[in-house]
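Quick notes on the structure that follows.
Both ligands and their constituent atoms are indexed starting at 1 by order of listing. What you see is a predicted model, and the numbers here were worked out from it, not measured in a lab. Counting begins at 1 with the first residue of the sequence.
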Amino acid sequence: MKVLVTGFQPFGKDTMNPSFEAVKLLPDEIMGAQIIKREIPVVFRKGGAVVAEAVREVKPDIVILVGQAGGRTAMNPERVAINCEDCAPSFPDNEGNAPQGEKIAADGPDAYFATVPVKAMVQKMLDNGVPAAVSNTAGTYVCNDLMYHLLHLLHNEFPNVRGGFIHVPYATIQNYPKFASMTLEEMARGLRLSIEACIENENDIAAAGGATH
Ligand code: PCA
């Protein structure tokens with residue numbers, strides 16, 4: 001079995017992105033599955049093209065995308081990606097793009113649900129002491145864009161490959177004292193546990209993972 005795991009390059013004012021730093025700490029094998037790691041540019045559409053190229057080359061069984069969500073308080077497997085790119089002109093991507101409410105795929109559905117078992121991933125992290133919760137929005141910036149691109153590709157071309165996205169909080173070494181943070185090692189442990197949960201659970205477990213707001 002092969003698991004493709006991606007993290008992002010730094011973006012905005014940050015000089016590091018904990019998503020790829022944590023991915024780099026993963027072992028090269030988890031439960032007998034080969035772990036293949038890739039870094040993704042924080043650029044609308046281009047990120048999706050890089051992932052598509054990696055999927056075609058690696059031929060993974062599972063794809064886990066990872067991104068930073070500063071301000072989040074836990075490891076957040078994302079439930080859904082929406083067909084929308086929308087960001088403030090004051091916070092463009094790394095190539096200056098700032099789409100405002102455009103569709104990602106003109107012919108695509110409004111949304112795709114993750115095909116990895118988000119609740120099992122959360123449960124496994126919680127059982128092992130890693131803060132985790134299902135997230136019901138991946139935003140409308142490059143992370144949502146990447147997740148939508150991946151799920152659109154898998155739906156159309158690789159229906160047997162499962163895919164999902166995990167948002168991570170700031171890393172403690174980024175030193176944002178007003179925000180929650182985790183160490184890179186703890187994030188990597190959460191990623192490893194999540195990958196194990198994907199390997200162990202073809203289908204998701206029955207558990208509450210909703211949110212009131
Ligand atoms: N986080 C951004 C894009 C890259 C990243 O790590 C996001 O949440 O959209």
Requested in this report: Please work out whether the ring planes of Tyr112 and His155 are parallel, tilted or perpendicular, with thresholds of 30° and 60°.
Outcome: tilted
Give every pair formed by an N or O atom of ligand 1 and a protein N or O atom closer than 3.5 Å, one pair per line with both atom names and the distance to 0.1 Å, or write none.
unit_1	atom_1	unit_2	atom_2	d
ligand 1	1 (N)	Gln68	O	2.8
ligand 1	6 (O)	Asn17	ND2	2.9
ligand 1	6 (O)	Gln68	N	2.8
ligand 1	8 (O)	Gln68	O	3.3
ligand 1	8 (O)	His167	NE2	2.8
ligand 1	9 (O)	Val142	N	3.4
ligand 1	9 (O)	Cys143	N	2.8

Query raised in the report: Any luck finding a side-chain donor-acceptor pair between Glu85 and Asn97 under 3.5 Å?
Result: no
Report summary line: In this structure, CZ of Arg79 is separated from OG1 of Thr137 (nearest 0.5 Å) by 11.5 Å
**Report entry** Check: Asn83 side chain, Ile104 main-chain N or O, donor-acceptor pair, under 3.5 Å
**Finding:** yes
Report summary line: Value for CZ (Phe179) from OG1 (Thr73), rounded to nearest 0.5 Å, stands at 12.0 Å
Query raised in the report: Quick one: does Thr140's side chain have a donor or acceptor within less than 3.5 Å of a partner on Cys84's backbone?
Result: no
